[in-house]
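Only one structure is covered here, and it is reproduced in the block below.
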Amino acid sequence: MEFFLQLVLNGIVVGSIYSLVGLGFVVIYKSTSVLNFAQGEFLVLGAYVCLTLTVQHQVPFFWSFLITLVFSALLGILTERLILRPMIGEPVISLIMVTLGLSSLLKAIIQGIWGTDLRPFPDIFPAEPVQIGPLPVSQGYLISLVSVTILLIIFTLFFKFTRSGVAMRATAFSQQVSLSMGISVKRIFALAWSIAAVVSAIGGVLLAGIRGGLDGAMSFFGLKVIPVVILGGLDSIAGAIVGGPIMGILENLAGGYLDPLVGGGAKEVAPFFILVLILSIKPYGLFGKVKIERV
Amino acid sequence: MPLLRVNNLILHFRGVTALSDVSFEVRRGALHAVIGPNGAGKTSLLNCISGVYRPQRGNIQFDGADVSKLSPATRTKLGIARTFQNIALFKGMTVLDNLLIGRHVHQREGVLAGGAYYGPARREEIANREIVEDIIEFLEIQHIRKKTVGTLAYGLQKRVELARALALEPRLLLLDEPMAGMNAEEKEDMARFILDINEDRGTTMIMIEHDMGVVMDVSHRVTVLSFGEKIADGTPEEVQGDAAVQEAYLGQAHG
Amino acid sequence: MRCGDFRQSYAEDMALFDSPLPRVLLTGLLVFLLVLPQFATTYWLDVLNRIFIAIIGAMGLNVVTGFTGLISLGTAAFLAVGGYATAAMAGKAGLPFVVVIPLSGLITAAVGLVFGIPSLRLKGLYLAVATLAAHYMVEFTVTHWEHMTGGVNGISIPAAQFAGIELKDDRGIYYLVFPVMVGLLFFTKNLFRTKVGKAFVAIRDQDISAEVMGVDVFRYKLLAFAVSSFLIGVAGSLLAYQGRIISPENFPITLAIDYLGMIIIGGLGSVLGSIFGAIFITLLPEILRLATDALGNHWPGLMVIVAPIKTGVFGLVVILFLIFEPDGMAARWHHIKTYWKLYPFSY
Amino acid sequence: QQEIKVGGIFDLTGVTSDVGKPFAQGVQDGVQWVNDNGGINGKKIKLIGADYAYKIDQARALYKKLVNDDKVVMIQGWGTGDTEALKDFVGQDKVPYFSASFSAPLSDPAKFPYNFFVAPTYTDQLRSWLDWVKQDYAKSGGKGRPQVAFMYGDNAYGKSPIAGGKKYAAEIGIDVVDEAVLPGNLQDATSQLLTMKQKGVEYAYINVTTTGVSLVLRDAKKLGMAVKFGSNPYGFSESLVKLAGPLAEGVTGVMPHAPYGTPVPGMTNVVAMHDKLRAGEIGDALYVRGYAYVMVWSEALKRADKAGQLNGPGVKAATETLADFSTGGLSQSVTYTPTDHRPTMTTSIYQVQGGKLVKIGDYIMPRTKEWLGL
Amino acid sequence: MNIAGGTFGSHPLGYRMLELKNVEVIYDDVILVLKGLSLSVPEGKIVALLGSNGAGKSTTLKAISGLLRSEEGEVTDGGIFFEGQPMHELPPETVVRRGIFQVMEGRRVFEDLTVEENIDMGGYIRNDRAGLRADKEACYEFFPRLRERRKKLAGYLSGGEQQMLAISRALMARPKLMMLDEPSLGLAPLLVAEIFRIIKRINEERKTTILLVEQNANLALSIADYGYIMESGRVVLDGDPEKLRSNEDVKEFYLGGGGGEGGKKSYKNLKFYKRRKRWLS
Ligand SMILES: Nc1ncnc2c1ncn2[C@@H]1O[C@H](COP(=O)(O)OP(=O)(O)OP(=O)(O)O)[C@@H](O)[C@H]1O
Ligand SMILES: Nc1ncnc2c1ncn2[C@@H]1O[C@H](COP(=O)(O)OP(=O)(O)OP(=O)(O)O)[C@@H](O)[C@H]1O
Ligand SMILES: [Mg+2]
Ligand SMILES: [Mg+2]
């Protein structure tokens, strides 16, 4: 029983990182209908910037973290200006593909600047784990749990009640109609990408802190989180938040109980299996909005 | 026996009642109009008949058989075709291809024959192409035959939609506002097509239309819906004289 | 100069080529490609073989994603199924390739059919993730079913034999891959001018109205998955014959994404697009590598620095391409064709 | 002046580039050193190297280009992926293929006559580590049989020594009570470690690369586990210390190649080359590994050249004449014979002590026929 | 008199707020749709633009609002001027901010936003909270049906309800020039009359200039101050409503009353197709 509880608990805390990174996906999807394959690179880039500032330039962590966030916001704006603006009005699938191109490009830039070797990441969290019930939990996960909760509230309110939030959703439905309302699709894109980059950077720094080291390979996290947001529902903030821990729990239970039986690999596959099952009952994820199809 | 009989349909969506206990029948060969204010449930009714919506209650009999449980595709195979209020053409395809899709249920060839092409598939394709070309000629849309449908003007898309439905060679044709967005002359053309289809081909039709001039002139019978309920049913003259209809739909007599 | 079109019969109007000129050109191209191995170096033959295989696979993916509108991330998995089916039948059972290749296709089609079932309810990216699940399940099976697949160490495939000759070297493989590709190209091209193919496209454009037109949408979605995975399975089989040894590392998820890239850059819903895209995505890294290697070998110290440039340029080219031609290469081609057809009366 | 063409298939941008890059640099600098110091009997080595980003089809294309177009006499390869995919071809094409994958099957010339590497096989490494476990267990007063776990990735490299290791453990009286599979992109090993904890594991061999090892150490620390960890040549090097810091303290590891800067005779040149060409960068055992490879095969090239056999079979034959060939302490002395490509049976085990890699002993396996290729 | 390229002056009805001069529009680089179209809209007036299917009416509106670009269309020649300023280079959101709002053909509501959010988006460019609230109230007054459906997703509305919503958004924007593309499309007779009353009221009360594309020529001309008739990308006839109404061709093609017989004819009695008389081709 304790083993079970430990697995579940660990799933929840580990899943909070998924949620955090997942949020970035949702924000972009909600305002542009695009699945951003470069999310993982945003993550890594943010973490590297923070690392360079703290280690190379000896900036105190708090400040380098803030600068990283500003940098990420600018990165979002730059991405919009250089890559997405020319694509306004183009088919969504092309936009998705463009993010794949962006992912390659950023990967190369990251490699060009920081190389491929693993760099130790400064210990930003106290090394001592916090005891939650039966399980010691790294403080990094706790921080991500807290940030996720705060972001959940902020974003939910933002998309529901602010004009920019509603305009973002409108833009996702149809850029052309939004333009005809006077909504600046450019601005919406820039905003969405900045938010996503900032959220990713937070995730990246936390993740690098938890892993203790940083290299380009951490960008795999971008792909890894996709099933999480699908589980929650691509356009649902709450979905991303809930999807992370669920995925985490599924993984841990599969890892704890199935892996020893099948000789490994279940931890990665079983969640997918369950994901498909859940989707066949709820085709738009747990909280995703049903696409309106009427004639 | 009427070609179509709709019995006690009830359809609601989370709190919105689209149809409450609607029954009516359509004689063979009739041109049956359905009118009513916006949101009355007309389109929903067509959706129930063609199988896109499943009513919570009630049933639909087509040619004596209960079709309520059948999928839209199966109903189409039985001979029910329709057009849509919000044009639902295949936007990326040419007019010709749209009509050829209309021939889908009449074609036998499968993947292998199609992939091999030369032989039976080719013969079948050409035969169907000829049928489609007849329809194109009939509806006078030769000039846009090879245009991508998405780029056509609204009114022409409506016409293409009618053509596509015709390609199915249906026994019952459901038309949802076929003349919306047309000027007087185009409406005349459309009316003429509809009459021809009805008279020459003997196709039974249900038509939703807001232009009372057209409805009064061409239809044999009119059903009036309002807030999901049937408030009148009869010949055009009867319906036009009906006080409830006047109040709910027409306002002062419409010219 | 040709201007407008004048056709006498529907049969003529429905022919693959709208005039004799392209037919002559195409025949010329085919003949050229047939004799090419006599001149090309092994390396370029290898690249060509990979391009041809990629064309088959891209076409397969295009059937389900481009034509039918169901985004699939399962390409790598289906390639693996085709490859491992080939390994089992050619290696373990010793069957000849004329049997093995189509059977591999059929087995993959069956697997594809199963993974297509979620398409009953799932749409768009949700379906894409279900196919991603397919990827991981296949990967899991392949790594764990060791006595069939050789597990993580991979499995060897005997060379294909034709009339007693082993098709071992790239020239031999070329003459295996090339005809298969040409045959399948015609197959797909034909498929999309007949009933089934059109039904696929109808589902992509408007599935409700396709259903109302009498297309049994679910059945046709499954059919699309089957046809698609058949093609991809054949590609996988050819990959196995070409690579002679396959292991799970040959079929990473990034491969599925590369294939998506091919059809998007080439053109969704276009056979020609699959060809262009496959050539582009296969050739670009080669060209970049030749270029960067040349640099790297000139200044040995540079090799390490130059390597990421390849990745970067690849990304950049993809981005620029999409910015300037978001509908894919095939669209541009089409554009150029229409323009010249009407020249000089462009409007 | 004649050139000797040698192919290079490296991973500089792919999933293993963190270790692939320093290795490639070591090879490159080694070649330069050879060329600067008389070359191969006066002929210069031309290293035609390229990045394959750990993509198998690209490795194969590259291989074909090297063999057919460039006509190289041998190839310096890299990982398990490319080596496995090419092992049949190199036999057919008769091109010696040196790679940094130490998979035991590759050391059996009966199966793979043209494959070489410069280290004890993965399996022998694990066997040696198990020997150390046994010793350590006795020394620290353990009673009964040591309880050991194997943690490895679900790939050819990860699984390579496991079967052999389990067999050997049983033979020498060690219980392998748990096997945990770690995914390639490890983020959190808690569930695996909890299982190990339940099973009372005392020693664990982590057969993944450095990032994974450091994560396991981190999570183990968090769970307060007192397991003694060991790792393999791609998980244990200077960078582990860098990455895991104090967590790495006490961890043991297999080091077939000397840590950078170890005072052995061969290291002088290595450090000199590194200082000259890569001033400011940090050297590590992987760089040394690349360099050691060049020392081995350049000697083979010299012998082949002397014999007038500068071609695939000639280089293979020449390599197989190397007997107790010393790399100046960069690795154990190597021996290849036509029937046995296990270069050495000696495994050096190091331990992190006070943040330094300290050698705690050489473990020697018998060169038995039964273990060849296993 | 030319100022900044625009022309002020002698439209019979006064100051030309909007002016199109020899506008050419090409789709997809090859399809020429507007072939030198010229028209102008005087300030404070209602101008009706009539024409058969495919004449290019919607294209004209999109050329003005800048929405053409997102459909691979391009103004290749001529000029569009609004209050004397050239317009054809501006992005659509700027056009809206300058005071031109287009109600697009075919409803085009944001399906996964609620009715209320849709209405709010209509007022996106405005910042006067009080005014917005009042205007929203006015929309609900005009279309009580929408008030009932306030919290429902717009995608689930019936065709006519969506049309009401599309018009409401335009009301919320309070533009100087409102362009309506077939506002009566799909509306029941009662509402059609109502819509035209509303249009007239907006024009009178808010002094909004209106460019109205409409197939219901009778009603359109009954509220318009001026009319243009388009065929295949050109204006073929223009004038005040009286002049147009009395034109035999207009009667026949647009008012459905022509044909010489005087009285209204029945659709049923159309014995044979009428060859469309080409006005210009
Ligand atoms: N899928 C659906 N989900 C929720 N509500 C729906 C759905 N379909 C229709 N409705 C509601 O049912 C009512 C009837 O709609 P319907 O489209 O049938 O009206 P209609 O008579 O065709 O009106 P119009 O003339 O405006 O087209 C409307 O209020 C609409 O909002
Ligand atoms: N995106 C497009 N690409 C290519 N051609 C187009 C496009 N949009 C419209 N067209 C063409 O431009 C012409 C004019 O279309 P438009 O929609 O402006 O007509 P309209 O006058 O509004 O007709 P309707 O009354 O039917 O709405 C048509 O022939 C149409 O085919
Ligand atoms: Mg309706
Ligand atoms: Mg129009």
Which region of C:Leu125, side chain (C-beta onward) or backbone (N, CA, C, O), has a non-hydrogen atom less than 4.5 Å from a non-hydrogen atom of chain A, or is it both or neither?
both

CZ of C:Phe218: more than 12 outside heavy atoms within 6.0 angstrom?
yes

Please check if the side chain of A:Ser103 supplies one atom and the backbone of A:Thr99 the other of a donor-acceptor pair under 3.5 Å.
no

Per-residue contact mode, A:Tyr29 against chain C (heavy atom under 4.5 angstrom):
side chain

Region of A:Val276 in contact with chain C, defined by heavy-atom distances below 4.5 Å
side chain

Measure C:Leu320 against the heavy atoms of chain A and call it side chain, backbone, both or neither at under 4.5 Å.
neither

Where does A:Leu102 contact chain C at under 4.5 Å (heavy atoms): side chain, backbone, both or neither?
both

Chain C: which of A:Gln111, A:Met97, A:Glu268 shares the most heavy-atom pairs with it under 4.5 Å?
A:Met97

Turns out that what part of C:Leu120 lies under 4.5 Å from chain A's heavy atoms comes down to neither

Under 4.5 Å to a heavy atom of chain C? For A:Ile109 that would be neither

Taking side chain as everything from C-beta outward and backbone as N, CA, C, O, which of these in A:Ile278 sits under 4.5 Å from a heavy atom of chain C? Side chain, backbone, both or neither.
neither

Any side-chain to backbone donor/acceptor pair from C:Thr143 onto C:Val152? Under 3.5 Å, distance only.
no

Assess whether atom CZ of A:Arg81 is packed by more than 12 heavy atoms of other residues, nucleotides or ligands within 6.0 Å.
no

Are A:Phe272 and C:Tyr136 close enough that their ring centres sit under 6.0 Å apart?
yes

Heavy-atom distance under 4.5 Å to chain C: side chain of A:Leu84, backbone, both or neither?
neither

Among A:Ile226, A:Ile230, A:Leu275, which residue has the highest count of heavy-atom pairs closer than 4.5 Å to chain C?
A:Ile230

Decide if atom CZ of A:Arg187 counts as having more than 12 heavy atoms of other residues, nucleotides or ligands within a radius under 6.0 Å.
no

Parallel, tilted or perpendicular, as decided by the 30° and 60° cut-offs, for the rings of C:Trp145 and C:His147
perpendicular

Between C:Val318, C:Ile323, C:Leu316, which has the largest tally of heavy atom pairs under 4.5 Å with chain A?
C:Ile323

Tell me, side chain or backbone of C:Ile208 under 4.5 Å from chain A's heavy atoms, or both, or neither?
side chain

Counting only heavy atoms closer than 4.5 Å, note whether C:Ile117 contacts chain A via side chain, backbone, both or neither.
neither

State whether the number of non-hydrogen atoms from other residues, nucleotides or ligands found under 6.0 Å of A:Lys282 atom NZ is greater than 12.
no

With chain C, the option among A:Leu234, A:Leu100, A:Leu35, A:Ile96 that has the most non-hydrogen atom pairs under 4.5 Å is A:Leu234

Atom group of A:Leu223 that falls short of 4.5 Å from chain C, counting heavy atoms:
side chain

Between C:Ile279 and the options C:Leu283, C:Ile281, C:Thr282, the side-chain contact (heavy atoms from CB on, under 4.5 Å) test singles out C:Leu283

Kindly indicate whether the side chain of C:Thr131, heavy atoms from C-beta on, has any atom under 4.5 Å from the side chain of C:Phe225.
yes

